[in-house]
Amino acid sequence: MKKVTYNFNQLESKWQTWWDRKLLNSTNIEAAKKPYYNLMMFPYPSAEGLHVGNMYAFTGSDVYGRFKRMQGYDVFEPIGLDGFGIHSENYALKIGRHPMDHAKITEKNYYGQLHRIGAMFDWSRTVETYDIDYYRWTQWLFVQMFKHGLAYRSKAEVNWCPSCKTVLADEQVIDGKCERCGNIVEKRSLEQWFFRITAYAGKLLENVAGSAQGGVNLDWSEKVRIAQKNWIGKKEGINITYPVVDEQGKSVGEVICFTTRPDTNFGATFVVMAPEHPFVNQLLSVIEKNKRAAITKYINAAYNKSESNRIAEGRKKTGAETGLYCINQLTGQKMPLYISDFVVMGFGTGAVVGVPGHDLRDFEFATAFHLPIIRVVKGVDGDMSSITKSAQVQEEEGVMMNSGFLDGLNIHKAIDAMMDYLEKNGWGKRIVTYHLRDWLISRQRYWGPPIPMIFCKECAKNGKSWFTTDEAASLGVSFTAHSSSSKSNNQSARSEKSVTVLEKTRLAAASEMAGWYPVPDDKLPVVLPRIDDYKPGNDGVAPLAKHKEFYETTCPGCKAKAVRETDVSDTFLDSSWYFLRYPSVNKKIENRRSKVDRENVSSIFNPLSSQLPWDLKVTRRWLPVDMYTGGAEHSVLHLMYSRFVTMALKDWGLVDFEEPFTRFYAHGLVIKDGAKMSKSKGNVVNPDEYIASYGADSLRLYLMFMGPFDQGGDFRDTAMEGMSRWVGRIWRLWEAIATNNSDCSDKVKSALQKLIQKVGDDLEKRRYNTAIASMMEFTNLVADEEGQIGKNEFKQLVLLLAPFAPHVAEELWFLLSGKKESEYSAKDSVHVQLWPAFDLTKVKEERITLVVQVNGKVRDTISLSQKDGQDKAHVEALVHASERVKRHIEGKRVVKTIFISGKLMNLVVV
RNA sequence: GCCGGGGUGGCGAAAUGGUAUACGCGCAGGACUUAAAAUCCUGUGGUGAUUAAACACCGUGUGGGUUCGAGUCCCACUCUCGGCACCA
């Protein structure tokens, strides 16, 4: 910790105050001529304050925003807090503070820190997700989802975190553990609210895979696009129907199996269902008593098995025999039907046909249960013997055999031929399935937006719901309880035509929504009351469920007594639309400055018009987001949810674009002592202390210099000394100019032109580390020239420095202006100057260095004029005159001479 | 298992197929100073050789290949970091 020759603490706070006072960073949303929306993922407060990893990300985003502004764009760079939800609540619980009080404290801390890093945030338009003015609209979004059939309630096997005491969406379970607390997640069968994100699976995939026809081409980090692709997990295959019979051959129903490899179906020898498969219940009534007990036992064991147990068990195959058979209609063969937990209910149909010769899992199962194994593919190794070892199981390539009409075809052709055949006979139907599941949106927690739904027993009894109201009819989504109820499930997104899918799913949803009404628009928001028993319980019931005064209400349909939903929505819903809010934030219904009193419920149920949370005109101008920066850990979380919400809004005609983020840049992670910064590892670095001892500018520079922005880096404080030194050197350059108004050499002038080009290029590519390095090279060159730099050249250097070190750049620019403080206006600020232009014709380099090689090895270098360097004969003469070259070609014959004009000559000798 | 990054000095890292290790840290030596801090200067991949310089050889995870020339392109492998995973 050391001192620099200028007082950075004083200087930085001086300019931060000045920028605020001059509204330098408050974008004029309405008047902007060249809007550029530069957004960084807003932080979710899960600690007392930001750590240096957060600052790294914000700085990287800010450097780019500042660069764009200097290129003449009206850059909007907003900031906010994602402080509603489980992250913040868990921390509040940990330190024993009420989440509402905690929110106020984190707001102060986070905003204070975000101020001190010197980013160009527009502090006049912040968004806090726990603000009533904000979550009122989060609830509105939920209602819209419901009315459009994209929100539904369903009993399902869901992830339950025993530590957070709530359910979680699939995306929020990482390696069988809770995304928030790291505890092992259990399965519970609960009735929950879901968002039908699967209805958009096709479109979500197309755009991100770049396969959209006339669609959107996303300029996104490759690894994020691939992660989304994998998560959506599109598989094209076929659903094959197998009739099921008992020992006597009597028909007892049918089982549908999904497969991508129907070509191997002549080799099928058994069928396996997941323990959760609906057919299991059905068959329990038809099978022998002694088998029934065994099956029930197996199923119960499977239910109670946690995810971690399953993982620990590895590939060991267990199962229960049903005594029933599926008929392979290709061959007429009877295939025994089993129940096993290696088949998962959530994918395909929850039942698979076993082809042990050509699928490793099937092979393992067949071996464990002594089932026949038939070879139907001759592999690339030509092996045609019977399959007895797992190494013989052919999966990827081969030619069909023992397969009737398929014999001799390669497997890829055979797949198509078989699908055609099965469809023609009515035994199968081609199908597309996705790994993506519907978004489980309810949380049994306190700190979130109450789900704005009301349940009425009376209406439920009468088959009434919002879908039977006049409003629904006027929106064209009416539904009567008597129409056929097609069972909706998580795999309903199959057709590529989203309109018809939406119509279907909407009706399907309506049929199951008897008794449910959304809170009418004019009764929003449903305010989260302040309660003292806010801790989550073990019973799967939200804290609000213990508060009659909250949940007792009247039915919007029949006016009878009814109850509110007491679960709150997932945090990721809060952040799924915040980018739409920022530019329109001044459109808040109430006066921005007089926030609605959170405690006073009666003042909140204000009649509201059917306005939108965003201004359509503003939104058309500013969205989608031009540049979005954030962590890759949100690849399948926030980024997927936001895309889904935006697509839905587009279909409802509320926005005119379907992708929220045109460009997304995934920044790297800051590592400390070889590990990701985290509280539990105790390696969290607080930026405050470094700002205090080195200044925000030096810290910013150091963070950007550590390595490429998309790779992150290892934080070490010793290296920051170097940055601090360099800033000091620049400061002293100014002192030299101030005292002896020096001019500089052509060498420096030429170098500056090249520097301007280099820094601009690097900034566009976000290669901040090399941009800074080249500025250092430039100042080193100036030092070699005895510190001689012209005032003009120095001014240009300050412009290049401005995005990285905004405070010191502003101070130097101010000093260079020669103005008094009172005369220095917002227009004079270094940050609104135009990025300097470069002119390479000004580059004067008389001498160049030409490399001389013999057989590709460098043996000498020749310094000569630009002009002579182009002259092959001249260079050749010099090369042959070189002592060093002579030594290596002596007694040998030059068979070839390679000449790259102005750069290199290579003599090939033998 | 599948899909993606990545392996370069003591460390963070740089290099449109053309002088590998720019820039920074660290380290060593020096200047300034009564001394320290700060600042500035010089050196810094390895081995060998030399009074010294010149010099030679080796060097970008491993093994091959293409090329006048490979950190960079191709093939095979290996380690590592991320994502997905009994997904049919």
Side-chain angles (χ1 to χ4, degrees), chain A residues 2-5 174-175 221-231 233 235 237 257-262 264 272 274 310-311 313-317 340-344 346-355 358-362 364-365 395-396 433-435 632-633 635-636 668-669 671 676 701-702 705-708 710-723 725-726 728-729 732 767 769-780 783 787 849-861 883-884 887 895-900 903-909:
Chain A
K2 53 144 207 130
K3 277 194 187 134
V4 193
T5 50
I174 317 287
D175 286 335
S221 297
E222 187 70 6
K223 61 176 170 181
V224 174
R225 289 177 40 211
I226 289 165
Q228 285 213 359
K229 242 171 101 174
N230 289 344
W231 186 260
K235 286 260 165 71
C257 297
F258 174 75
T259 178
T260 55
R261 292 294 307 279
T264 59
V272 189
R310 278 202 195 202
I311 291 165
E313 222 169 52
R315 301 184 63 93
K316 198 179 137 218
K317 298 291 180 287
S340 174
D341 64 4
F342 88 87
V343 177
V344 293
F347 187 79
T349 59
V352 297
V353 55
V355 182
H358 306 286
D359 181 286
L360 200 55
R361 293 152 305 181
D362 295 349
E364 286 160 356
F365 190 82
E395 300 197 71
E396 302 299 327
T433 56
Y434 295 94
H435 169 260
E633 69 272 21
S635 300
V636 295
L669 285 177
I671 304 291
K676 185 180 168 177
L701 279 165
Y702 167 63
F705 184 66
M706 269 190 326
D710 58 352
Q711 274 173 40
D714 204 338
F715 187 88
R716 36 199 329 138
D717 38 11
T718 52
M720 196 142 46
E721 293 273 0
M723 272 308 152
R725 266 176 228 163
W726 183 59
R729 279 201 282 273
R732 283 189 294 280
R767 301 284 286 183
N769 56 333
T770 50
I772 294 167
S774 54
M775 284 191 275
M776 287 174 164
E777 282 182 72
F778 178 75
T779 55
N780 287 350
T849 304
L850 194 132
V851 176
V852 184
Q853 299 179 334
V854 176
N855 282 349
K857 288 197 177 196
V858 179
R859 295 303 179 185
D860 202 359
T861 56
E883 284 302 323
R884 297 181 189 188
R887 216 181 359 243
V895 292
K896 201 171 175 183
T897 302
I898 312 278
F899 178 62
I900 312 286
K903 279 197 141 173
L904 168 139
M905 178 163 281
N906 184 16
L907 303 181
V908 185
V909 298

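Below, read A as the first sequence line, B as the second, and so on, with proteins coming before strands; counting in each chain starts at 1.
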Peer 1: Nearest to the Ile226(A) side chain among G12(B), G4(B), C87(B), which nucleotide is it?
Peer 2: G4(B)
Peer 1: Which residue lies toward the 5' end of RNA chain B, Asp362(A) or Gly707(A), if each is placed at its nearest nucleotide?
Peer 2: Gly707(A)
Peer 1: Residues two or more places apart in sequence or in another chain: which of them pass side chain to side chain contact (heavy atoms under 4.5 Å, CB included) with Asp710(A)?
Peer 2: Tyr665(A), Pro708(A)
Peer 1: Sequence neighbours left out, what passes side chain to side chain donor-acceptor pair (under 3.5 Å) with Thr770(A)? Give chain and number order.
Peer 2: Asp762(A)
Peer 1: Restricting to non-hydrogen atoms, name the atom on Gln228(A) and the atom on Val636(A) that form the minimum distance, rounded to 0.1 Å.
Peer 2: CA-CG1, 4.3 Å
Peer 1: Would you please name every residue forming a side chain to side chain donor-acceptor pair (under 3.5 Å) with Glu364(A), sequence neighbours left out?
Peer 2: Arg315(A), Lys317(A)
Peer 1: Atom CE of Met706(A) to atom C1' of C11(B): distance rounded to whole Å?
Peer 2: 14 Å
Peer 1: Could you work out, with side chain to side chain contact (heavy atoms under 4.5 Å, CB included) as the rule, every residue matching Lys235(A), not counting sequence neighbours?
Peer 2: Phe258(A), Thr260(A), Phe347(A), Thr433(A)
Peer 1: If the condition is side chain to side chain contact (heavy atoms under 4.5 Å, CB included), which residues does Arg884(A) pass it with, not counting sequence neighbours?
Peer 2: Asp860(A), Ser882(A), Arg887(A)
Peer 1: Under a 3.5 Å cutoff on both atom distances, Watson-Crick or G-U, what's the dot-bracket for RNA chain B ([ ] crossing, | other strand)?
Peer 2: (((((((..(((.....[....)))((((((.......))))))((((......))))..(((((..]....))))))))))))....
Peer 1: For the side chain of Ser221(A) and the backbone of Lys223(A), is there at least one donor-acceptor N/O pair under 3.5 Å apart?
Peer 2: no
Peer 1: Under 3.5 Å, which N/O atoms of the protein pair with N/O atoms of nucleotides 64-69 of chain B?
Peer 2:
residue: C68(B); atom: O2'; partner: Asn906(A); partner atom: ND2; Å: 3.4
residue: C68(B); atom: O2; partner: Asn906(A); partner atom: ND2; Å: 2.4

Peer 1: Which whole-number value in Å describes the distance from Lys903(A) NZ to U19(B) P?
Peer 2: 8 Å
Peer 1: Between Arg884(A) and C55(B), is there a side-chain N or O to OP1/OP2 distance below 4.0 Å?
Peer 2: yes
Peer 1: Excluding sequence neighbours, so at least two apart, what forms side chain to side chain donor-acceptor pair (under 3.5 Å) with Ser774(A)?
Peer 2: none
Peer 1: Can you build the contact string for nucleotides 22-28 of chain B? Use B for base contact, S for sugar-phosphate-only contact, and - for no protein heavy atom under 4.0 Å.
Peer 2: BBSSS--
Peer 1: If the glycosidic angle sits within 90 degrees of zero it is syn, else anti. Tell me which applies to G9(B).
Peer 2: syn
Peer 1: Which residues pass the ring-ring contact (aromatic ring centres under 6.0 Å, His included) test with Trp231(A), not counting sequence neighbours?
Peer 2: His435(A)
Peer 1: Tell me whether the OP1 or OP2 atom of U19(B) has a side-chain N or O from Arg859(A) closer than 4.0 Å.
Peer 2: no
Peer 1: Nearest to the Phe258(A) side chain among A88(B), C86(B), G83(B), which nucleotide is it?
Peer 2: A88(B)
Peer 1: Between A20(B), C55(B), A88(B), spot the one nearest the side chain of Val858(A), thanks.
Peer 2: A20(B)
Peer 1: Mind checking side chain to side chain donor-acceptor pair (under 3.5 Å) for Arg729(A) and listing every partner two or more places apart, or none if nothing turns up?
Peer 2: none
Peer 1: Can any side-chain N or O of Asn855(A) pair as donor or acceptor with the backbone N or O of Val909(A) at less than 3.5 Å?
Peer 2: yes
Peer 1: At 4.0 Å (heavy atoms only), tell me whether Ser340(A) reaches a base, stays on the sugar-phosphate, or touches nothing.
Peer 2: nothing
Peer 1: Going by side chain to side chain contact (heavy atoms under 4.5 Å, CB included), name the residues that satisfy it together with Ala274(A), two or more places apart in sequence or in a different chain.
Peer 2: Glu276(A), Val343(A), Met345(A)
Peer 1: Can you measure Asp710(A) atom CG to G82(B) atom P for me and round it to whole angstrom units?
Peer 2: 16 Å
Peer 1: It should be established whether His435(A) places a side-chain nitrogen or oxygen under 4.0 Å from OP1 or OP2 of nucleotide A85(B).
Peer 2: yes
Peer 1: Identify which nucleotide among A14(B), C86(B), U39(B) has an atom closest to any side-chain atom of Arg732(A), counting heavy atoms from C-beta outward.
Peer 2: U39(B)
Peer 1: Specify the residue among Gly712(A) and Thr259(A) whose closest nucleotide of RNA chain B lies further upstream toward the 5′ end.
Peer 2: Gly712(A)
